[in-house]
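Data first, discussion second: the structure below is written as structure tokens.
Each chain gets a letter, A, B and so on, in the order its sequence line appears, and its residues count up from 1.
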There are 2 protein chains.
Amino acid sequence: MGRGRPRKTDPEQALDTAMKVFWNKGFEGTSMSDLVCATGMAKPGLYACFGDKEALYKKSLTRYFDNLGTPLLDDLEHSTDPLPIVVRRFLETVAHSMLDESCPSGCFVVNSLIEGASQHPALKAIGKEYDQRRRDVFSQRFADAQKNGEIPTQVNAQALADFFAAQSLALGVMGRTGTNEKELSNFIDVALTALPANH
Amino acid sequence: MGRGRPRKTDPEQALDTAMKVFWNKGFEGTSMSDLVCATGMAKPGLYACFGDKEALYKKSLTRYFDNLGTPLLDDLEHSTDPLPIVVRRFLETVAHSMLDESCPSGCFVVNSLIEGASQHPALKAIGKEYDQRRRDVFSQRFADAQKNGEIPTQVNAQALADFFAAQSLALGVMGRTGTNEKELSNFIDVALTALPANH
DNA sequence: AAATATATATACCGAATGGTATTTTATCAG
DNA sequence: CTGATAAAATACCATTCGGTATATATATTT
């Protein structure tokens with residue numbers, strides 16, 4: 001086993017905790033003291049494990065996306081379900097995560113895009129990377145759908161993909177302000193009427 | 001005229017400037033020193049004119065909404081144009097304000113909702129008030145439209161109104177991340193396909 | 001010109017910030 | 001038991017924060 005004094009807190013668990021704090025309170029709104037209290041790790045321990053505050057924020061956002069974003073995008077990319085089914089599942093999963101009782105703080109990526117836009121180019125950059133990844137998967141899936149005849153050839157598949165990708169931005173803001181489940185559900189129902197069926 | 005030493009800076013102009021700084025950098029991201037530099041007013045002058053930082057932020061957000069939000073909602077409420085025309089105009093005006101070169105910082109209300117959600121209940125409250133006002137006007141306009149036969153009786157007018165009101169949230173996030181004019185335009189085109197015509 | 005009123009400029013305050021150096025404690029290897 | 005190692009705990013640092021007290025400058029009023 002290790003040679004020195006044993007860890008009081010598992011770093012992976014500390015990162016999960018830090019993620020929720022940053023997610024909820026933002027970068028500027030979170031102090032290192034907040035993180036010390038929440039994680040149980042002492043301040044020098046945090047710096048030794050994760051680097052400075054910005055590095056810890058980046059790792060938190062990456063953890064968030066690995067947990068929630070990547071599985072969502074994998075399903076969107078690889079599921080053989082019909083397009084309306086898979087798009088609905090995507091939006092409903094996003095909406096469901098907005099109601100997560102353990103951290104009802106909207107979408108961490110959206111929060112990062114908003115807060116990092118002006119002052120923290122590094123944070124904006126990583127947020128935009130994840131935002132772009134989502135958009136790319138939507139674009140690819142909708143282009144395939146048009147080739148497969150799931151949507152009519154005369155519609156602009158790229159615009160349609162961008163539209164549905166952007167709906168998760170609206171859901172993110174709504175989730176942050178406490179919109180309830182029924183309203184989120186209605187929102188998704190209306191959004192899906194913009195998806196043209198091929199018949 | 002006034003009795004003492006004349007003002008170096010017009011408070012109204014200072015408020016306009018402070019609004020743009022808060023809009024761009026957020027509440028936590030803006031220091032009083034930033035505001036001193038931007039407005040040209042000395043720090044005690046800012047406190048004498050506007051109160052503390054939170055009061056100045058509130059006045060800035062109010063100024064923003066009076067300038068941009070209120071005229072938009074007035075048009076939505078009172079215009080006799082057909083519903084698709086007036087909804088399109090609403091969204092296009094929002095999109096246009098996202099491209100404003102003087103302050104391309106998204107929507108100040110959306111930014112406030114995101115940032116204020118966790119730490120600053122007072123800021124969240126005023127943001128939600130404006131958000132609610134927008135939703136109320138949409139609801140009323142769509143309810144009227146359904147009575148007037150502009151939209152079919154069998155659709156859920158309330159859900160439709162909430163959906164279009166929420167599209168400005170998505171536009172706000174897109175505007176903050178630098179989405180270009182063509183993408184915003186395509187987004188609006190797709191969104192409007194969710195508005196059922198009555199024929 | 002003297003007194004008054006109002007705004008500016010400067011200096012300052014305690015508290016909190018991000019970050020680090022130092023000391024103490026707990027484990028394992030010999 | 002002893003010495004080495006690694007983490008924890010504490011104290012500390014310079015800077016910046018929001019906010020204010022004090023002093024100075026510029027105008028009007030009498």
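The cluster map of Ile, Leu, Val, Met, Phe, Trp and Tyr, joined by side-chain heavy atoms under 4.5 Å apart, puts A/Leu72 and A/Leu99 in the same cluster.
Here D/dA9 presents its C1' atom at 13 Å from CE of A/Met41, a figure rounded to the nearest Å. Rounded to whole Å, atom P of D/dT26 lies 12 Å from atom NZ of B/Lys8. In this structure, CZ of B/Phe50 is placed 17 Å from C1' of D/dG18, rounded to the nearest angstrom.
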Counting primed atoms plus P, OP1 and OP2 as sugar-phosphate and everything else as base, spell out the protein contacts along nucleotides 15-25 of chain C at 4.0 Å heavy-atom distance: B, S or - for each nucleotide, 5' to 3'.
--SBBBB---B

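A donor and an acceptor atom, one from each side chain of A/Glu181 and A/His96, are nowhere located under 3.5 Å apart.
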Worked check of salt bridge (Lys or Arg N to Asp or Glu O under 4.0 Å) between B/Arg135 and A/Glu183:
CA-CA 12 Å; B/Arg135 293 186 54 190; A/Glu183 289 170 328; 3.1 Å; yes

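Separation of the B/Phe138 and B/Phe90 ring centroids falls under the 6.0 Å cut-off. For an aromatic pair to be called close, the ring centres must be under 6.0 Å apart, and B/Phe108 with B/Tyr57 satisfies this.
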